[in-house]
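A short write-up of the structure that comes next.
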4 protein chains.
Amino acid sequence: MNASPTQPTLRVRQRKEREELILSEAERLLSEHGYQNLVMEQLAERVGIGKGTIYLHFPRKEDLVGAIVERGLEQLTSNIDEMAGRTEEPASERIEAVMHRIIDGHIGWTRMFEGSDARELLEGLRRGQSMNHRVSGLLQAMARLIDQGKAAGEFDETVDSMVAVVALFAVIRSLTSSNLVGHLPGERADIISASIRLVFRGLLVRPADKEAAR
Amino acid sequence: MNASPTQPTLRVRQRKEREELILSEAERLLSEHGYQNLVMEQLAERVGIGKGTIYLHFPRKEDLVGAIVERGLEQLTSNIDEMAGRTEEPASERIEAVMHRIIDGHIGWTRMFEGSDARELLEGLRRGQSMNHRVSGLLQAMARLIDQGKAAGEFDETVDSMVAVVALFAVIRSLTSSNLVGHLPGERADIISASIRLVFRGLLVRPADKEAAR
Amino acid sequence: MNASPTQPTLRVRQRKEREELILSEAERLLSEHGYQNLVMEQLAERVGIGKGTIYLHFPRKEDLVGAIVERGLEQLTSNIDEMAGRTEEPASERIEAVMHRIIDGHIGWTRMFEGSDARELLEGLRRGQSMNHRVSGLLQAMARLIDQGKAAGEFDETVDSMVAVVALFAVIRSLTSSNLVGHLPGERADIISASIRLVFRGLLVRPADKEAAR
Amino acid sequence: MNASPTQPTLRVRQRKEREELILSEAERLLSEHGYQNLVMEQLAERVGIGKGTIYLHFPRKEDLVGAIVERGLEQLTSNIDEMAGRTEEPASERIEAVMHRIIDGHIGWTRMFEGSDARELLEGLRRGQSMNHRVSGLLQAMARLIDQGKAAGEFDETVDSMVAVVALFAVIRSLTSSNLVGHLPGERADIISASIRLVFRGLLVRPADKEAAR
DNA sequence: TATGAATGAGCTTTCATTCAT
DNA sequence: AATGAATGAAAGCTCATTCAT
């Protein structure tokens with residue numbers, strides 16, 4: 001009489017799938033063109049559904065974007081947490097891996113929110129709390145990785161972990177948006193690696209410090 | 001008819017002045033509200049001129065913003081060049097000063113381009129070439145400061161100057177937009193200073209290296 | 001398959017019941033929000049059925065509203081006819097009672113058709129003829145009451161009954177919509193009663209006339 | 001240097017003219033199709049201007065309709081006031097003339113507001129006060145006419161003037177919207193006249209009363 | 001030269017109606 | 001028979017850009 005437990009309502013699954021489809025396409029358009037230039041009709045067309053259908057899933061454009069942000073933050077956080085489990089590898093390598101993964105897989109975060117009334121959008125998300133949790137969660141996950149490095153003697157304990165997180169994300173953000181990188185000589189990948197390592201240099205325990213500590 | 005040679009420009013000078021006025025006001029609106037929410041009519045009103053007059057100076061909204069970007073880049077570059085002259089001060093201090101100045105005096109660069117079709121905007125600027133020059137100029141000016149530091153033995157010569165520049169600007173950008181910083185504990189100013197210094201730590205010549213070099 | 005002849009209607013009766021349910025709820029929404037703001041989905045939800053089901057009964061929103069109007073006219077007419085039976089009471093009192101009942105129990109007739117393309121709606125109803133019959137029936141039922149009054153010597157025979165009917169309904173309509181009444185001093189109920197009586201004054205046989213008739 | 005006093009800015013006059021044009025056409029469409037079915041684009045087309053131009057004069061559709069209402073009330077009031085001046089004619093005749101003029105000149109008051117969220121619209125107008133003044137002014141102007149009739153011994157002083165006003169407007173409203181009248185036999189004009197007179201009968205001083213007063 | 005009235009493409013959002021399940 | 005997901009026409013409103021004055 002009722003749906004088998006292994007098949008949670010089919011309908012629901014299809015709905016979820018379509019939602020995923022919308023979000024993915026929207027994320028692409030968002031990172032390509034920014035909030036204002038994401039046109040609902042165009043989005044629908046690309047997904048291959050009617051304009052109104054989007055509104056069945058996301059009552060306002062704002063909500064659509066909010067969902068994308070949350071999804072992104074969630075993915076990033078789980079990525080980082082996964083890395084936090086591999087305690088056999090040095091923290092610095094794991095962090096670098098995380099950063100590369102973020103940079104590669106991810107999406108012009110910077111551009112994404114262009115032209116939303118970003119202030120209002122974020123404000124709204126913030127009021128809804130979930131954004132706060134997600135962002136805080138992301139930052140803390142990253143900080144945990146750094147703390148692992150400190151505990152392992154890799155990183156300098158005098159450097160505030162949260163400050164390091166900010167610096168790392170700063171580099172990610174900048175490398176992600178092509179603004180500057182586009183103007184630099186050399187391969188993009190090289191620049192990325194070198195930049196990440198530069199920040200690490202500031203974070204690593206210095207031989208001299210160890211010396212001094214004796 | 002009788003334009004004196006020393007003042008061929010009365011007209012021209014007024015024109016230039018007004019152009020400056022437009023740009024200044026536009027820059028403010030831009031950093032406050034982003035590209036899409038910069039409304040030409042509102043701008044004209046604030047400047048105290050007619051809407052159409054703006055179009056006498058900048059045929060398209062895009063051009064107006066392009067001019068602002070160029071002007072900003074120019075100012076930054078000259079700021080940095082000025083600092084490059086004060087060779088009596090340590091490079092690291094001068095760089096930090098530059099960074100603070102950029103961050104303080106500056107303009108939500110991040111928000112400024114929100115809602116432009118950034119790709120198209122930049123593409124257009126690029127086609128006009130001048131953007132390329134300006135950005136390259138800015139990066140190179142900064143790189144020169146770093147090179148000075150290297151020459152003075154402050155900075156590690158093995159670190160690529162351009163990479164360092166990218167990292168520095170990355171931090172600036174991130175600290176400028178409140179996205180992350182807003183989620184951090186502590187005073188904004190403290191976070192900024194700490195972040196800058198973290199990058200410097202990675203740049204400074206390490207005592208241990210010196211030791212090893214002996 | 002085995003529908004007993006006395007109850008061929010189990011299905012049919014249920015269908016009729018649901019139709020009644022839809023109409024009642026629709027009438028409420030209609031009088032509260034007007035035609036345009038009557039949303040089919042909301043209606044379905046309130047009735048507790050699926051949106052599509054409504055369309056099984058009424059192929060178009062227009063038809064739904066048409067049915068409501070007819071039902072309303074029918075009810076009013078039967079109300080009046082019932083009153084026409086109580087010949088022991090004075091016609092004027094019975095008419096006043098009818099009017100109060102209409103005003104009280106009734107439904108912002110005025111608001112109900114807000115936002116329909118009333119012309120088209122009525123046109124459509126008219127094409128279906130039935131509307132004409134209903135309205136005529138209503139007016140005639142009321143006229144019959146007045147004629148009773150004339151026969152009883154209560155009302156002046158020189159006043160055209162139909163004109164009196166129009167005037168009476170005019171007052172009802174106006175008193176029903178709060179537009180004017182809201183701007184008047186005094187209690188709503190008092191205004192209503194006084195207005196009705198004013199029209200009656202014009203309808204009653206005048207003592208002076210009687211005098212003259214002697 | 002400044003515009004001659006007899007020619008108040010030409011611009012301003014043209015603007016006023018166009019505004020008048022918009023209002024007139026809007027009033028027609030409004031009375032024909034009701035608020036919801038008044039489509040801004042269609043209105044613009046009929047007036048022969050661009051859609052946006054309307055918004056230059058009336059920032060919201062609501063404002064446009066508000067202006068129409070005010071204009072209408074103003075015209076009515078001044079019509080009535082003018083009539084109030086002709087004290088040489090009997091009040092009843094002047095009132096009848098006013099009513100005919102109202103009915104002829106303005107038609108679908110009733111239909112005009114259909115489908116606005118009338119509640120909100122009126123609420124808004126009411127909050128803005130101006131509506132209150134206008135409507136009160138209109139009712140009072142009419143009441144003044146009736147008072148003149150009372151003073152002249154034409155009308156019965158025991159009938160509340162405001163109640164009479166309500167009844168008169170009730171008739172106007174009803175006769176204006178074709179709902180009922182369309183279903184009546186006879187000429188529209190005749191019905192109108194007869195209805196008005198019926199109400200007057202209720203208002204006039206009765207010979208019998210005079211008799212009694214002796 | 002400077003203006004701002006006029007324009008209309010373009011956007012988000014709503015909702016009657018259809019139709020596969 | 002009953003449902004509600006999907007659709008897309010339609011509508012109000014904004015604002016970059018033009019152009020008559």
Side-chain angles (χ1 to χ4, degrees), chain A residues 10-12 14-15 18-19 35-45 47-64 115, chain B residues 11 14-15 18 35-45 47-64, chain C residues 11 14-15 18 35-45 47-64, chain D residues 10-12 14-15 18-19 35-45 47-64 115:
Chain A
L10 176 63
R11 270 284 174 67
V12 174
Q14 285 188 331
R15 180 187 167 80
R18 170 119 62 182
E19 203 160 296
Y35 181 87
Q36 290 272 10
N37 301 299
L38 163 62
V39 177
M40 299 305 268
E41 182 146 29
Q42 190 191 125
L43 171 59
E45 205 176 301
V47 178
I49 59 179
K51 204 184 339 174
T53 308
I54 297 176
Y55 284 85
L56 248 38
H57 295 261
F58 307 96
R60 328 212 132 249
K61 192 181 175 183
E62 241 177 2
D63 300 322
L64 172 65
Chain B
R11 221 23 107 53
Q14 285 187 332
R15 181 187 165 83
R18 180 153 56 199
Y35 181 86
Q36 287 274 8
N37 301 307
L38 163 62
V39 177
M40 299 303 268
E41 178 143 30
Q42 189 189 130
L43 172 59
E45 202 177 305
V47 178
I49 59 178
K51 205 184 339 176
T53 309
I54 297 177
Y55 284 84
L56 255 33
H57 295 263
F58 308 97
R60 324 204 68 95
K61 192 181 175 182
E62 240 178 2
D63 300 320
L64 172 65
Chain C
R11 229 8 115 55
Q14 285 188 332
R15 182 186 164 81
R18 181 154 54 199
Y35 181 86
Q36 287 273 8
N37 301 308
L38 163 63
V39 177
M40 298 304 268
E41 179 143 31
Q42 191 190 127
L43 172 60
E45 203 178 303
V47 177
I49 59 177
K51 203 184 342 176
T53 309
I54 297 178
Y55 284 84
L56 257 33
H57 294 263
F58 308 96
R60 324 203 70 92
K61 193 180 174 182
E62 241 177 1
D63 299 320
L64 172 65
Chain D
L10 176 62
R11 269 282 173 66
V12 173
Q14 285 188 332
R15 182 188 166 80
R18 170 118 63 182
E19 203 160 296
Y35 181 86
Q36 289 272 11
N37 301 300
L38 163 62
V39 177
M40 299 306 267
E41 182 146 28
Q42 189 191 126
L43 171 59
E45 205 175 301
V47 178
I49 59 178
K51 203 189 337 175
T53 308
I54 297 177
Y55 285 85
L56 249 37
H57 295 262
F58 308 97
R60 327 213 135 248
K61 192 180 175 183
E62 241 178 2
D63 299 322
L64 172 65

Need one value for A/Leu38: base, sugar-phosphate or nothing, where a base atom within 4.0 Å counts as base even if backbone is also close, heavy atoms only.
sugar-phosphate
Between B/Arg18 and E/dA2, is there a side-chain N or O to OP1/OP2 distance below 4.0 Å?
yes
Need to verify one output field. Residue with the more 5' nearest nucleotide on DNA chain E, C/Val39 or A/Glu41?
A/Glu41
I need the minimum non-hydrogen distance between A/Arg15 and A/Leu56, along with the two atoms involved.
NH2-O, 3.7 Å
Choosing from E/dC11, F/dG12, F/dA16, which nucleotide comes nearest the side chain of B/Lys61?
F/dA16
Between CZ of B/Arg18 and CD1 of B/Ile49, what distance do you get to the nearest 0.5 Å?
5.5 Å
Could you state the atom-to-atom distance from CD of B/Gln42 to P of F/dC15 in whole Å?
9 Å
Mind listing the closest non-hydrogen atom pair of D/Phe58 and D/Glu19 along with its distance?
CZ-CG, 3.5 Å
Between P on F/dT7 and CE on A/Met40, what's the gap in Å once rounded to a whole number?
14 Å
Under the side-chain hydrogen bond (donor to acceptor under 3.5 Å, both in side chains) rule, collect the residues that match up with B/Gln42, sequence neighbours excluded.
none
Does a nitrogen or oxygen in the side chain of C/Arg15 sit under 4.0 Å from OP1 or OP2 of F/dA1?
no
Do B/Leu64 and B/Leu43 come within less than 4.5 Å of each other through their side chains, counting heavy atoms only?
yes
For F/dT17, does OP1 or OP2 lie under 4.0 Å from any side-chain N or O of B/Arg60?
yes
For B/Lys51, salt bridge (charged side-chain N to carboxylate O under 4.0 Å, His left out) partners two or more places apart
B/Glu41
Contacts of D/Glu45 meeting side chain to side chain contact (heavy atoms under 4.5 Å, CB included) (sequence neighbours excluded), chain-then-number -> none
E/dA9 P sits how many Å from A/Asn37 CG, rounded?
19 Å
Select base, sugar-phosphate, or nothing to describe what B/Leu43 touches, counting heavy atoms under 4.0 Å on all strands.
nothing
Which string of ( ) [ ] | and . matches DNA chain E, if you list each base 5' to 3' and count Watson-Crick or G-U pairs only when both distances are under 3.5 Å?
.||||||||||||||||||||
In residues 51-59 of chain D, which ones come under 4.0 Å of DNA chain F, going by heavy atoms?
D/Lys51, D/Tyr55
Specify the separation, in whole Å, of atom CD of C/Glu45 and atom P of F/dT3.
13 Å
For a quick test of reading the model, state the closest non-hydrogen atom pair linking A/Lys61 to A/Tyr35 and the distance between them.
NZ-O, 3.0 Å
